[in-house]
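In what follows, a single structure is set out as structure tokens and then discussed.
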Amino acid sequence: MASSTSDPRTPDARVRILSTEIIHAKNTQSPLERIPLTACDLIPLTACDLRLILVRTIQNGLLFRNPTDHHPISRQAFIENLKSAFSKALALHHPFAGRLTADEHPDGSATVYIDCNDAGCPFLHAVADGITVDEALNQPFPVPPAPVLWSFFPSNDVKNYHGFIRPLMSIQITELVDGVFIGWTINHAVADGTTHWNFHRIWSSICRGSGDHSPPVFTRDSSLEAIKKKIRVPWSRIRDFNEDNLVIPPLKEGTFHFSKKKIAELKAKGTAELSGSRQISSLQILIAHLWRAVIRSRADPDPESETRFGIQVGFRGRFEPNKFPAHYFGNAIGGRTVTMKVKDLVAEGSLGRVAAEVNRVVAETTDEKLREAVEDWIESPDMRGLGEFTEGALMLSGSPRFDAYGTDFGWGKAVAVRSGWANKCDGKVTVFPGPETGSMGFEICLSPECFDRLRMDSEFMAAVTE
């Protein structure tokens, strides 16, 4: 359930890379023909993209068991099909096969673009000697020096700011004794979770021979005028930034599952504590439940101090009349922070109030507030690395809306969704949909002492489905 963190650049010796191939976007006939680019050969990064250029990549993956006799296909044929379909999916998402480039200006600023030059994406084929699906799922507690699962991800040393010379996407297919892990690393400065899960939905549908190939939208045509601007940022901030040797303090990581039934029970409890008719979502009640438990688990927090929980708000479907399209390619998210005093957060009977505060912050995030935030960022760009975020804050990434378990490459439903080491820090929380409809999974990184106390917190664990 949990593991200790360490430097993943030292891979598990049992994971061997058999081959590495650079895959290019494959031009094919309709309906997968590459979209004419014209002015989109260079795609400018927006404020939503650039604010992430100094943090680390997105690393997600899916774990599958070997197919049953009802899916007769050899392992090698499966991998070749993955490779061929990946090239076709890149034809629709050609920016992933490019690199970053910068147009430097005399005043020391620069405009950063995706150069859609089809430099290609590494596709690695690996084997994990003697490792089973169950071992990958249920790592011993703790694990020195690093979870074997992290060796299932490619490009562990790549950061977003390396995108000028390193690939924007890498894929690794790792064969296990009784299954396969499909892991990917994606530059977060060019894509958010919605974009990359849309890519994997299309890639998997091509593998199955399906016709679900809705192309992404590359144009920055929206009623959010700021998204159309070619932004100038301080070039030296990007050029000279380096967190390659950043030392992450000791952490423990674990995945906690919440069933639809347990979530409903928490919502009923939280709603009963509230007066009025405030509606709270399943995600908001779980944020409240987790936040309260983590603060209880931290050593002697000052009751008068403030605690923060960072969340992301999506832009898609916003900004009338010309809304952000559902298949917009890029980052279409903005950060919001929920702040409460420790004494109010952990008070008896405060679950509903905490969830309501999360709900309030989300509800008050109007189009106008998001527009102002983007404009303010353009006026004063704030690009931070992982080591520069507020100490002690919790940060949420991912979404229960991502159809991770619907990403079927031809072997049926995945048994688990996991993330790699990128952006792991004390307080990092990643949410995924659960394998059953209405359930959720949370990957949580905390200091070892706090994590151990969290696992012993009876109120928190009572809602966890092992």
Side-chain angles (χ1 to χ4, degrees), residues 22-27 34-59 86-87 89-123 154-155 157-171 184-192 195-196 199 215-222 226-244 328-333 374 377-378 381-385 422:
I22 301 298
I23 304 297
H24 300 275
K26 182 176 182 180
N27 288 317
R34 177 173 168 173
I35 300 170
L37 292 182
T38 61
C40 287
D41 282 324
L42 289 176
I43 301 177
L45 296 192
T46 69
C48 296
D49 301 321
L50 287 164
R51 73 182 184 91
L52 298 169
I53 199 166
L54 300 187
V55 298
R56 303 193 176 187
T57 57
I58 297 174
Q59 288 189 311
F86 178 70
S87 180
L90 276 180
L92 289 174
H93 301 78
H94 49 274
F96 278 140
R99 300 292 185 269
L100 298 182
T101 188
D103 182 9
E104 299 180 47
H105 305 295
D107 63 356
S109 66
T111 303
V112 183
Y113 302 84
I114 306 173
D115 182 0
C116 300
N117 59 8
D118 199 20
C121 302
F123 190 102
S155 306
D157 61 330
V158 174
K159 317 297 189 300
N160 292 337
Y161 55 85
H162 293 155
F164 297 91
I165 58 174
R166 301 289 296 273
L168 303 181
M169 175 190 283
S170 303
I171 302 294
W184 53 86
T185 298
I186 293 176
N187 192 304
H188 205 345
V190 305
D192 60 12
T195 294
H196 89 73
F199 173 85
V217 177
F218 301 109
T219 59
R220 276 34 180 163
D221 184 17
S222 165
I227 213 72
K228 305 175 187 178
K229 296 181 180 179
K230 294 183 178 179
I231 301 170
R232 294 189 176 197
V233 293
W235 176 234
S236 61
R237 175 63 172 156
I238 300 174
R239 182 194 62 209
D240 301 336
F241 187 80
N242 190 324
E243 278 192 347
D244 291 2
Y328 172 87
F329 184 100
N331 287 283
I333 51 176
V374 173
W377 193 96
I378 293 173
D382 181 14
M383 298 176 289
R384 301 185 188 183

ring-ring contact (aromatic ring centres under 6.0 Å, His included) against [X], all qualifying residues, sequence neighbours excluded:
X: W377; answer: none
X: Y113; answer: none
X: H93; answer: F199
X: Y328; answer: F324

Evaluate the side-chain proximity of [Y] to [X]: yes if any heavy-atom separation is below 4.5 Å, no if none is.
X: L50; Y: P381; answer: no
X: C116; Y: L42; answer: no
X: N160; Y: L100; answer: no
X: R166; Y: N187; answer: no

- Would a distance-only check, ignoring hydrogens and angles, find a side-chain to backbone donor-acceptor pair under 3.5 Å from D118 to A25? yes
- Is the backbone N or O of G385 less than 3.5 Å from a side-chain atom of Y161, with the two atoms forming a donor-acceptor pair by type? no
- Which heavy atom of P215 sits nearest a heavy atom of L92, and at what distance? CB-CD2, 4.1 Å
- Item | Least distance between heavy atoms, G120 atom then I22 atom | CA-CG2, 3.7 Å
If you measure from [atom1] on [X] to [atom2] on [Y], what distance do you get to the nearest 0.5 Å?
X: I165; Y: T101; atom1: CD1; atom2: OG1; result: 12.5 Å
X: I43; Y: H94; atom1: CD1; atom2: NE2; result: 5.0 Å
X: T111; Y: E104; atom1: OG1; atom2: CD; result: 10.5 Å
X: H188; Y: D49; atom1: NE2; atom2: CG; result: 10.0 Å

- Result of checking N331, L52, V112 against L45 for side-chain contact (heavy atoms from CB on, under 4.5 Å): V112
- Message: So, applying side-chain contact (heavy atoms from CB on, under 4.5 Å) with L168, which one of V158, I114, T185, T57 is it?
- Response: I114
- Message: Run the side chain to side chain contact (heavy atoms under 4.5 Å, CB included) test against D107 and tell me which residues pass, sequence neighbours left out.
- Response: H105, S109, R232
- Item | side chain to side chain contact (heavy atoms under 4.5 Å, CB included) involving T195 - partner list, sequence neighbours excluded | F96, A191, D192, R316, F329
With sequence neighbours excluded, what pairs up with [X] under the side-chain hydrogen bond (donor to acceptor under 3.5 Å, both in side chains) test?
X: R99; answer: none
X: H162; answer: D244
X: D382; answer: R384
X: S155; answer: S170

- Message: Evaluate C121 against I171 for side chain to side chain contact (heavy atoms under 4.5 Å, CB included), listing each step before the verdict.
- Response: CA-CA 8 Å; C121 302; I171 302 294; 5.8 Å; no
- Query: Given F86 and M169, is the side chain to side chain contact (heavy atoms under 4.5 Å, CB included) satisfied, shown in steps?
  - Reply: CA-CA 11 Å; F86 178 70; M169 175 190 283; 3.5 Å; yes
- Query: Can you list every pair that meets salt bridge (charged side-chain N to carboxylate O under 4.0 Å, His left out) and has a residue in residues 50-59, with sequence neighbours left out?
  - Reply: none
